[in-house]
Amino acid sequence: MAGPPRGRSPGARTRARLTPTQQDLRKYARLFQRLASGAGDSVSTDEFGTVFRRSGLPPHVLPQILGLVGAQSGRGGGDGRVDFAQFVGAMHLIRSCLAGQPLPAELPSELSASLHALPAGDPPARVA
């Protein structure tokens with residue numbers, strides 16, 4: 001039976017998936033900039049829905065993901081916009097679901113902390 005990759009503890013792999021990598025952040029920043037062109041610092045939940053549908057996840061998961069990252073749709077009382085930190089969190093949750101991880105009941109504290117640590121101002125330009 002194969003063990004963990006050399007130089008890693010069994011839990012290191014799991015911990016690494018709790019937050020996006022720098023490579024993930026750069027990829028998400030480029031996508032965010034394309035979607036937000038002209039809108040500045042946010043994308044609409046409809047625009048985000050287009051990205052979500054391409055993931056192939058079931059439609060009922062989208063409102064759950066948006067709720068976890070604090071970006072409720074305009075119909076649900078939110079402003080119908082997704083800022084960069086929310087976008088990163090949502091993309092990370094989508095990627096985790098596609099990797100077979102269950103959607104958490106609440107945003108994991110590690111992910112929440114990493115999203116709060118993202119640069120303010122024009123975050124995609126500073127990450128990309």
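Position 1 is the first residue of the sequence; numbering continues from there. Everything numeric here is computed off the predicted structure, so don't read it as measured data. The basis for the numbers below is simple: all heavy atoms, side chains too, and nothing from hydrogens, waters or symmetry mates.
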Counterpart residues, side chain to side chain contact (heavy atoms under 4.5 Å, CB included), relative to Pro58 (two or more places apart):
His60, Val61
So, taking the atom named [atom1] in [X] and the one named [atom2] in [Y], what distance separates them when rounded to the nearest 0.5 Å?
{"X": "Arg30", "Y": "Leu25", "atom1": "CZ", "atom2": "CG", "value": "10.5 Å"}
{"X": "Leu57", "Y": "Ile65", "atom1": "CG", "atom2": "CD1", "value": "6.0 Å"}
{"X": "Phe87", "Y": "Arg81", "atom1": "CZ", "atom2": "CZ", "value": "12.5 Å"}
{"X": "Gln86", "Y": "Leu68", "atom1": "CD", "atom2": "CG", "value": "11.5 Å"}
{"X": "Asp83", "Y": "Leu118", "atom1": "CG", "atom2": "CG", "value": "9.5 Å"}
{"X": "Arg95", "Y": "Gln101", "atom1": "CZ", "atom2": "CD", "value": "12.0 Å"}

For [X] and [Y], which heavy atoms make the closest approach, and how far apart are they?
{"X": "Val69", "Y": "Gly89", "answer": "CG1-C, 3.6 Å"}
{"X": "Phe84", "Y": "Ala29", "answer": "CE1-CA, 3.6 Å"}
{"X": "Glu47", "Y": "Leu35", "answer": "OE2-O, 3.5 Å"}
{"X": "Leu98", "Y": "Ser55", "answer": "CD2-O, 3.5 Å"}

Any non-hydrogen side-chain atom of [X] less than 4.5 Å from a side-chain atom of [Y]?
{"X": "Ser42", "Y": "Val82", "value": "no"}
{"X": "Leu107", "Y": "Leu115", "value": "yes"}
{"X": "Thr50", "Y": "Arg54", "value": "yes"}
{"X": "Lys27", "Y": "Phe32", "value": "no"}

Side chain to side chain contact (heavy atoms under 4.5 Å, CB included) assessment of Arg53 paired with Phe48:
CA-CA 9 Å; Arg53 282 187 290 283; Phe48 181 76; over 6 Å; no
If you apply the rule side chain to side chain contact (heavy atoms under 4.5 Å, CB included), what do you find for Leu111 with Leu93, and how did you get there?
CA-CA 9 Å; Leu111 180 55; Leu93 291 170; 4.1 Å; yes
Measure from the side-chain N and O atoms of His92 to the backbone N and O of Val88, and report whether any donor-acceptor pair falls under 3.5 Å.
no
